[in-house]
**Student:** 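The structure under discussion is supplied below as structure tokens; questions concerning it will follow.
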Amino acid sequence: MRIDVLSAQPELLESPLNHSILKRAQDKGLLEVHLHQLRDKGLGKYNQIDDYQFGGGAGMVLRCEPIFDWIEELKSQRNYDEIIYMTPDAPVFNQSQANSLSLKENLLILCGHYKGVDQRIREELITMEISIGDYVLTGGELAAAVVCDAVVRLIPNVIGDETSALSDSFQDDLLAPPVYTRPSEYKGLSVPEILLSGNDRAIELWRMDKAIERTELIRPDLGKSRD
Ligand code: ADE
């Protein structure tokens, strides 16, 4: 997979992209990430990328020219499966979107800033809009890092233990069951007996029960699709 990210602050993405899963995927040759500075195609002496909004109102808006120029240049070099705009006024990202994006070849992610981008960019260039939750971040960079992490870990062979990604929370619209490790007894707190029983079938059933119990308690909205 190749991911291109367009941003006014690409350095915000450098650390998350160069550690952990995202780094491992690049080291294994399964992922290429290219960060692009929007200002490189900014206007005039000061590489301007934003401007006041028509009609008045607080906050600057990212202008058409640098973003059209960047996206048109990148599109002339390869086909993008999706051109994604990170913004809080969009449908909220979920595991099923992460699954389907993990099957793509080329993704282009545009990070918003300030008050957002000129609407013409959204209408003409963007094929998918993603919010990572109902709160407003300063820019789309951290949100883009979240999406990249969730997607890239699902690319086959990125995570060593294939089953571990499949049993994550949300893969079946269920939260994950509780997990324990050694010691089996700590400060008088013990691990549920069943996990030490060696009875795989009983353990699997216990985990499923706990996953359902947790989901109903913490995220009853997720459980709905199982009814
Ligand atoms: N940019 C600012 N806030 C955001 C959010 N919640 N999701 C995606 N991009 C954003």
Side-chain angles (χ1 to χ4, degrees), residues 1-22 31 33-42 48-55 57-68 70-71 74 80-104 106-155 168-170 173 175 218-219 221-222:
M1 175 183 286
R2 173 181 168 123
I3 304 179
D4 287 88
V5 185
L6 261 179
S7 157
Q9 285 190 291
E11 60 280 4
L12 274 176
L13 278 152
E14 266 158 26
S15 176
L17 290 173
N18 290 310
H19 291 92
S20 182
I21 291 289
L22 290 162
L31 174 71
V33 185
H34 297 263
L35 302 177
H36 308 285
Q37 169 55 264
L38 265 180
R39 278 186 199 284
D40 290 352
K41 295 197 190 297
Q48 187 190 353
I49 53 169
D50 58 347
D51 221 320
Y52 297 102
Q53 52 177 316
F54 282 130
M60 304 293 271
V61 174
L62 290 173
R63 291 177 63 120
C64 284
E65 302 92 323
I67 294 176
F68 267 79
W70 258 124
I71 295 186
L74 291 166
Y80 286 95
D81 298 290
E82 297 288 358
I83 301 181
I84 301 168
Y85 173 47
M86 303 307 307
T87 178
D89 54 339
V92 176
F93 189 56
N94 61 27
Q95 190 65 34
S96 120
Q97 279 176 306
N99 287 340
S100 72
L101 288 175
S102 75
L103 304 172
K104 308 293 186 193
N106 294 308
L107 300 176
L108 172 49
I109 304 181
L110 169 65
C111 302
H113 239 263
Y114 316 109
K115 203 71 191 169
V117 301
D118 188 297
Q119 181 63 22
R120 289 166 288 188
I121 295 163
R122 297 173 75 163
E123 286 167 12
E124 289 299 311
L125 300 172
I126 299 301
T127 62
M128 182 179 200
E129 299 190 331
I130 295 180
S131 163
I132 61 157
D134 293 338
Y135 41 81
V136 179
L137 303 166
T138 312
E141 288 77 10
L142 298 179
V146 166
V147 169
C148 288
D149 186 290
V151 168
V152 169
R153 62 195 297 284
L154 297 171
I155 297 173
D168 285 342
S169 276
F170 301 113
D173 266 345
L175 300 186
I218 303 169
R219 291 291 306 275
D221 55 309
L222 277 183

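All values below come from the heavy atoms of this structure, side chains included, with hydrogens, waters and symmetry mates left out. Atoms within each ligand, like the ligands themselves, are counted from 1 in listed order.
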**Student:** Would a 4.5 Å heavy-atom cut-off, applied to side chains only, mark Val33 and Leu22 as touching?
**Tutor:** no
**Student:** Has the side chain of Ser131 got a donor or acceptor atom that lies under 3.5 Å from a matching backbone atom of Asp89?
**Tutor:** no
**Student:** Using residues 134-141 as the side-chain source, report each donor-acceptor pair under 3.5 Å to any protein atom, sequence neighbours left out, with the distance given to one decimal.
**Tutor:**
from	atom 1	to	atom 2	distance (Å)
Tyr135	OH	Ile132	O	3.2
Glu141	OE1	His113	NE2	3.4
Glu141	OE2	Ser7	OG	2.6

**Student:** Does Asp81 reach the main-chain N or O of Asn106 with its side chain, forming a donor-acceptor pair under 3.5 Å?
**Tutor:** yes
**Student:** So if I only count non-hydrogen atoms and take anything under 4.0 Å from ligand 1, which residues does that give, chain by chain?
**Tutor:** Met86, Thr87, Pro88, Ile130, Ser131, Ile132, Gly133, Tyr135, Val136, Leu137, Gly139, Gly140, Ala143
**Student:** Strictly distance-based, threshold 3.5 Å: is any side-chain N or O of Trp70 a donor or acceptor partner for the main-chain N or O of Gln37?
**Tutor:** yes
**Student:** Do the side chain of Gln97 and the main chain of Asn94 share a donor and acceptor less than 3.5 angstrom apart?
**Tutor:** yes
